[in-house]
Amino acid sequence: MSSSIGRAFKVQIFGESHGKMIGVTIDGLPAGVEIDEEWLNAFVQRRAAKGSAIATPRRESDIPRIISGVNPQGKSTGYPLTAVFENSDTHSSDYSFLPDTPRPGHADYPAITRSLGEDDLRGSGHHSGRLTLPHVFAGGVAMLLLRQIGVEIGAHILQVGDVRDLSIDPVNPDMDELHDCHTREVPALDLEAGQRMMETILGAKADMDSVGGIVEVVAAGVPAGIGAPYFDGVEAAVAQQLFSIPAVKGVEFGAGFGCVTMPGSQYNDPYCIDDGEIRTTRNAAGGLLGGMTNGMPIIARCAFRPTASIGNQQQTVSLSAAAIGKDAQTTLTVKGRHDPCVAIRAVPVVEAAVAIALADLYLQG
C-alpha cells in the first residue's frame, strides 16, 4: 500500500502515529527554490493549535527535521526533499482494545482486513490525523514554489455545526484578513461567529461527543490556462487532494451544490476588463472552467465529519468472538486524546492540499 500522490510534484508520506517518526518525501521540486525553514515551521505549527481547549492534549514538538534535498544555502537541490517529525508523546495503552474491537466510524475494521491483521493501529497508525503533519509540510513547500508565480492561498473555518462564518469574497478576497484570522483559536473571519463556534465545540466536548465543520479555501493570483479537460482537470486534482485528508466527506467549488437552484443567466460569470486584465464580474464557477483556471480566485469548500473517537458508549463487535462463532456484540467507550472538532486544526491542512495540487499542475505545464 502506497501513500503517494502527484505526477510532477510527487509527495509520499510515511510512518505511524505511535511509531518512531512520521515524514514525507517530495520528488520533483525544482532546484533553486528558497526553503524558508522558519516560515515552514510556523506554518506547520498552525496545525498543532497547542494550548487550545478544543484541540487534542497530545503534545509533540512537531518541528520538521529536513534530512535531504536542501543545500547549505537553504535552497532546494532538485533532488528528493525529505523531512521527518519525531513522535514522543504517545499513550499506546489507550488503544489496547485494538485490533479486536474496532471503533465505530474509524478505519480499524477495513484496515485490519486489508492488511491481513498486520496493521499497527496504535493511535490509529498510518490512518491517524497525525499523518496530516507531513502533508502540511509538503503543502508549505508547494506554497514556497507557488509564491514565485504570485499565487497566495488562505482558508478559514466557514461552519461548525449550525454556526456559520462570513464567506470569502469570491471576486476580490481579502487575503490579509484571512491570514489575520489564523491567530485566533477558532480561525473564523467574524469574531462573534468564532465565539459561537467555540461554544458549540465545547458543548460537544462536555457531552463526550463531537461536531463537524466546513473549511473554505481560496487560491488567489493563479494565472489562466492551468489544468486540462476531463481527467486532468483542476477540480479533479484539487478534489483528490482534499478527499485525501482524513474525515473529509464533501468537496465543492464556487457555487457548488447551490448551482442547481440558479438559472444559467445567474450562474454564468460575465467577462469584463478590469485594470487591463480579463476577469469576470462574478465567480460562481470558483475560478475554474472546463477543468482549467480562468484567472479568477479558486474557491473551494470541504466538509469534515464529526470526530470518530468520542467518549460516549458505542455499539461494536469483538472480531475474535466472531471468528469462533460466539456472540460478538459488545460496546466500546473510546478513551485517549482527541479533538472534538477536527475541522478547526484542518484549516492549514486544506491550504496545504490545494497548494500541492496547484504545484503539481503548474509543473506539468
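Residue numbers start at 1 and run along the sequence shown.
For Leu191, the side-chain contact (heavy atoms from CB on, under 4.5 Å) partners at least two apart in sequence or on another chain are Arg184. With sequence neighbours excluded, no residue satisfies ring-ring contact (aromatic ring centres under 6.0 Å, His included) with Phe85. Residues meeting the salt bridge (charged side-chain N to carboxylate O under 4.0 Å, His left out) test with Asp274, sequence neighbours left out: Arg279. Legend: residues meeting salt bridge (charged side-chain N to carboxylate O under 4.0 Å, His left out) with Asp165, ordered by chain and number and at least two apart, are absent. For the side-chain contact (heavy atoms from CB on, under 4.5 Å) test, residues two or more places apart in sequence or in another chain that qualify with Val70 are Ile35, Ile66, Leu81. Judged as a salt bridge (charged side-chain N to carboxylate O under 4.0 Å, His left out), and not counting sequence neighbours, the contacts of Arg65 are Glu86. Evaluation of the side-chain hydrogen bond (donor to acceptor under 3.5 Å, both in side chains) rule for Asn41 yields Gln45 as partners, not counting sequence neighbours. With sequence neighbours excluded, the residues satisfying side-chain contact (heavy atoms from CB on, under 4.5 Å) with Ala204 are Val211.
Taking all atoms of both residues into account, the shortest heavy-atom contact from Ile22 to Arg130 is CD1-O, 3.4 Å. Between Arg164 and Ile214 the shortest heavy-atom distance is NH1-CD1, 4.4 Å. Of all heavy-atom pairs between Trp39 and Gly140, the closest is CZ3-O, 3.5 Å. A pairwise comparison of heavy atoms in Met143 and Ala355 identifies CG-CB, 3.7 Å as the closest pair. Scanning both residues, His156 and Pro187, for their nearest heavy atoms gives CB-O, 3.3 Å. Summarising the geometry of Val136 relative to Ala352, their closest heavy-atom pair is CA-CB, 3.7 Å, with the distance given to 0.1 Å.
At least one donor-acceptor pair under 3.5 Å links the side chain of Gln159 to the backbone N or O of Gly161. Not a single donor-acceptor pair under 3.5 Å links the side chain of Ser76 to the backbone N or O of Gly78. Remark: the backbone N or O of Ala155 is paired with a side-chain donor or acceptor of Glu351 at under 3.5 angstrom. Side-chain atoms of Thr293 do not come within 3.5 Å of backbone N or O of Leu288 as any donor-acceptor pair. Between the Arg305 side chain and the Gly105 main chain, a donor and an acceptor come within less than 3.5 Å of each other. Between the side chain of Thr77 and the main chain of Asn71, no donor-acceptor pair closer than 3.5 Å is present.
Cluster annotation: Val215 and Leu358 are assigned to the same hydrophobic cluster (Ile/Leu/Val/Met/Phe/Trp/Tyr, side-chain heavy-atom contacts under 4.5 Å, transitive). Hydrophobic clustering of Ile, Leu, Val, Met, Phe, Trp and Tyr side chains at less than 4.5 Å, counting indirect connections, unites Leu145 with Ile153. Side-chain heavy atoms closer than 4.5 Å link hydrophobic residues (I, L, V, M, F, W, Y) into clusters, and following such links, even through other members, never connects Ile168 to Ile157. Hydrophobic clustering (ILVMFWY, side-chain heavy atoms < 4.5 Å, transitive): Ile226 and Leu242 are in one cluster.
The CG atom of Asp169 sits 8.5 Å away from the CG atom of Asp174 when rounded to the nearest 0.5 Å. Of the inter-residue distances, the one linking Leu332 atom CG with Asp108 atom CG reads 9.0 Å to the nearest 0.5 angstrom. With rounding to the nearest 0.5 Å, the separation of CG in Leu202 from CE in Met197 is 13.5 Å. A distance of 9.0 Å separates CD1 in Ile310 from OG1 in Thr307, rounded to the nearest 0.5 Å. Atom NE2 of residue His126 and atom OG of residue Ser115 lie 12.0 Å apart, to the nearest 0.5 angstrom. Rounded to the nearest 0.5 angstrom, Asn283 CG and Met296 CE are separated by 4.5 Å.
Between Phe137 and Thr132 there is no side-chain heavy-atom pair separated by less than 4.5 Å. With contacts defined as side-chain heavy-atom distances shorter than 4.5 Å, the pair Ile344/Asp339 does not qualify. You'll find the side chain of Leu29 reaches within 4.5 Å of the side chain of Val141, heavy atoms only. The side-chain heavy atoms of Asp209 and Pro340, taken from C-beta on, include no pair separated by under 4.5 Å. Residues Pro348 and Phe43 are in side-chain contact: their nearest non-hydrogen atoms beyond the backbone lie under 4.5 Å apart. In this structure the side chain of Ile54 never reaches within 4.5 angstrom of the side chain of Cys341, judged on heavy atoms. Counting only heavy atoms from C-beta outward, the side chains of Val171 and Thr281 never approach each other to under 4.5 Å. The shortest side-chain heavy-atom distance between Leu144 and Leu40 falls under the 4.5 Å cut-off.
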Walk me through whether Val234 and Phe253 qualify under side chain to side chain contact (heavy atoms under 4.5 Å, CB included). CA-CA 10 Å; Val234 179; Phe253 296 90; 6.0 Å; no
Using the rule given for side chain to side chain contact (heavy atoms under 4.5 Å, CB included), can you reason through Lys10 versus Ser4, listing the C-alpha separation, both sets of side-chain angles and the distance that settles it, and then say yes or no? CA-CA 7 Å; Lys10 303 174 185 177; Ser4 61; over 6 Å; no
CA sep, side-chain torsions, deciding dist, call: Tyr362, Val222, side chain to side chain contact (heavy atoms under 4.5 Å, CB included): CA-CA 10 Å; Tyr362 168 65; Val222 183; over 6 Å; no
Please evaluate residues Val218 and Ile298 with respect to the criterion side chain to side chain contact (heavy atoms under 4.5 Å, CB included), reporting the C-alpha separation (whole Å), side-chain torsions for both, the decisive distance (0.1 Å), and the verdict. CA-CA 5 Å; Val218 57; Ile298 297 174; over 6 Å; no
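Note on Arg47 versus Asp62: salt bridge recorded, some NZ/NE/NH1/NH2 to OD/OE distance being below 4.0 Å.
Listed by first and then second residue, the side chain to side chain donor-acceptor pair (under 3.5 Å) pairs that reach into residues 227-241 are Arg7-Asp232, His135-Gln241, sequence neighbours excluded. Applying the side chain to side chain donor-acceptor pair (under 3.5 Å) test to residues at least two apart or on different chains, the pairs with a partner in residues 25-37 are Thr25-Thr82. Within the structure, side chain to side chain donor-acceptor pair (under 3.5 Å) pairs that include any residue of residues 246-273 comprise Glu252-Arg301 (at least two apart or interchain).
Crowding of Ile278 atom CD1: a count of heavy atoms from other residues, nucleotides or ligands under 6.0 Å not exceeding 12. Within a 6.0 Å radius of CZ in Phe243, more than 12 heavy atoms belonging to other residues, nucleotides or ligands are found.
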Can I get a per-line list of side-chain donor-acceptor pairs under 3.5 Å for residues 316-327, giving both atom names and the distance, sequence neighbours left out?
residue	atom	partner	partner atom	Å
Thr316	OG1	Pro102	O	2.6
Ser318	OG	Asp100	OD1	3.4
Ser318	OG	Asp100	OD2	2.9
Ser318	OG	Ser320	OG	3.1
Ser318	OG	Ala321	N	3.2
Ser320	OG	Asp100	OD1	2.7
Asp327	OD1	Gln329	N	3.3

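Using modelled atom types and a 3.5 Å distance limit, the side chains of His179 and Glu152 yield a donor-acceptor pair.
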